[in-house]
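One structure is given here, and the rest of the page talks about it.
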Amino acid sequence: MYLADYHLHSTCSPDGEYTMAQMAEAAVDHGLQEICVTDHLDTIEWGTYAPRTDFPWPEALRQIEEARRLWGDRLTIRLGAELGEAVLSFDRAEQLLTAAPGLDFVIGSVHMASPRYGNMDLYYLPKADIDYYQGLIADYLGDVLTLARWGKFQVLGHLTLPLRYIRNNAGLTMDFSAHMDAVEEIFRCIIPRGIGIECNTNRGDIPLPDADILRLYRRMGGEIITIGTDAHSTEYVGCRVAETQQLLRESGFRYFTTFTQGVPEFRPL
């Protein structure tokens, strides 16, 4: 079984706790064969709405060179990015990507609620009633569709992300069953263009997305899918990657995907 974790954050992310070398060491300890470090490349400064115009690429390149020197004989280490909040400024997103070194992989992600909800970071989602959350999810999926139509990335990250914070912050377990038409529209947009989705292991909680949406994606012809833990610390590197491969098999997939310089490679499940 080939094990790869394609969503990791190092200290080059504002919320990362460990260097790329430390994350790589954890990957080796957990039996992985490949990782991709996908630090936050957001169009706004962390914790504000100020436009972001740069990224610490010299430090990122120093860290990945160190990680490869220490662990590259036991682990394939790719350099990627998680492009967040591109919907706020596609021009700025393109500038950030143009300024990046050659990346193997880019995740396109939405982490914020819509303007109707104050562009709130979903991490701070308040306790509210079901109608509030259903409206928020509907707007969120509208932003994901806008991102998908732009499409300058390899996979959509953690498609059902609001469920993480509804569960964590309000103690409610919800699903996207009321929004499947919107999900289908997103899939109709990305699948013909060769854009995939991520199955985020959610650090051991309910996968994002879970089986119902994974099966829909596969029935609609979706094949490109990566597995990532969203680990910000070493303890979660590789968390439930093997179990997620089994989930993909049960959902109709025969392969998962890794990337080299933006080109997918299909790995048997």
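I195 meets the side-chain contact (heavy atoms from CB on, under 4.5 Å) test with F153, I190, R193; sequence neighbours excluded. Qualifying salt bridge (charged side-chain N to carboxylate O under 4.0 Å, His left out) partners for E25, counting only residues two or more places apart in sequence or in other chains: none. Residues satisfying the side-chain contact (heavy atoms from CB on, under 4.5 Å) test with H111, not counting sequence neighbours, are H40, E82, E85, S109, H158, L161. Partners of E45 under the side-chain contact (heavy atoms from CB on, under 4.5 Å) rule, at least two apart in sequence or in another chain, are T48, A50, R52. Not counting sequence neighbours, the partners of R116 by the side-chain contact (heavy atoms from CB on, under 4.5 Å) test are S114, D139. In this view, R219 satisfies the salt bridge (charged side-chain N to carboxylate O under 4.0 Å, His left out) rule with no residue, not counting sequence neighbours. Judged as a salt bridge (charged side-chain N to carboxylate O under 4.0 Å, His left out), and not counting sequence neighbours, E223 has no contacts. Residues passing the salt bridge (charged side-chain N to carboxylate O under 4.0 Å, His left out) test with E235: none are found, sequence neighbours excluded.
For the residue pair R78 and T260, a side-chain donor N or O sits within less than 3.5 Å of a side-chain acceptor on the partner. Counted by atom type alone, T201 and E243 present zero donor-acceptor pairs between their side chains at under 3.5 Å. Under the 3.5 Å distance criterion, with hydrogens and angles disregarded, no donor-acceptor pair is assigned to the side chains of Y6 and E198. Looking at Q246 and R249, their side chains do bring a donor and an acceptor atom within 3.5 Å of each other. Between the side chains of E66 and W71, no donor-acceptor pair of N or O atoms lies under 3.5 Å. There is no side-chain donor-acceptor pair under 3.5 Å between S89 and D91.
Between atom CD of residue Q95 and atom CZ of residue F90 there is a gap of 13.5 Å, rounded to the nearest 0.5 Å. For the atom pair CG of L103 and CG of L97, the computed distance is 7.5 Å after rounding to the nearest 0.5 Å. Between the CG atom of L163 and the CG atom of L208 there is a distance of 6.5 Å, given to the nearest 0.5 Å. Atom-to-atom distance recorded for L8:CG and M20:CE is 10.0 Å, nearest 0.5 angstrom. For the atom pair D129 CG and Q134 CD, the distance stands at 10.0 Å (nearest 0.5 Å). With values rounded to the nearest 0.5 angstrom, N169 atom CG is found 9.0 Å from K127 atom NZ.
Of all heavy-atom pairs between L3 and G31, the closest is CD1-O, 3.7 Å. Counting all heavy atoms, side chain and backbone alike, G238 lies closest to D5 at N-OD2, 3.0 Å. Shortest non-hydrogen contact noted between D104 and Q154 is O-OE1, 4.4 Å. What you find for G108 and L147 is that their closest heavy atoms are C-CD2, 3.7 Å.
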Kindly determine whether E17 and S10 satisfy side chain to side chain donor-acceptor pair (under 3.5 Å), including the steps that lead there.
-> CA-CA 6 Å; E17 300 179 30; S10 76; over 6 Å; no
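Cluster note: M112 groups with I44, Y49, L88 through ILVMFWY side-chain heavy atoms spaced under 4.5 Å, whether in direct contact or through intervening members. Counting Ile, Leu, Val, Met, Phe, Trp and Tyr side chains that sit under 4.5 Å apart, directly or through other members, V263 stands alone, with no cluster partners.
When side chains are defined from C-beta on, V144 does not count as touching V87, because their heavy atoms never get closer than 4.5 Å. At a threshold of 4.5 Å between non-hydrogen side-chain atoms, the residues D212 and D210 count as touching. Side-chain contact check for V106 versus V155: every heavy-atom pair is 4.5 Å or farther apart. In this structure the side chain of T229 never reaches within 4.5 angstrom of the side chain of R240, judged on heavy atoms. Looking at C12 and W57, their side chains never come closer than 4.5 Å, going by heavy atoms from C-beta outward. For the pair D175 and T160, the minimum side-chain heavy-atom distance is 4.5 Å or more.
Of the options S251, C199, P264, a side-chain contact (heavy atoms from CB on, under 4.5 Å) to I225 is made by C199 and by none of the others. For the ring-ring contact (aromatic ring centres under 6.0 Å, His included) with Y117, the qualifying choice from Y140, Y133, Y132, Y124 is Y132, the only one to do so.
Legend: ring pair (Phe, Tyr, Trp, His ring centres under 6.0 Å) pairs involving residues 184-212, not counting sequence neighbours, sorted by first then second residue: F187-Y217. Among residue pairs with one or both ends in residues 250-269, those qualifying as ring pair (Phe, Tyr, Trp, His ring centres under 6.0 Å) are F105-F259; sequence neighbours excluded.
Salt-bridge check for R164 with D205: failed, with every basic side-chain N at 4.0 Å or more from each acidic carboxylate O. A salt bridge links R267 with E265: at least one charged nitrogen is closer than 4.0 Å to a carboxylate oxygen. Salt bridge status for D73 with R68: absent, with no side-chain N to carboxylate O gap under 4.0 Å. The existence of a salt bridge linking E184 and R188 is confirmed by a sub-4.0 Å separation between a basic side-chain nitrogen and an acidic carboxylate oxygen.
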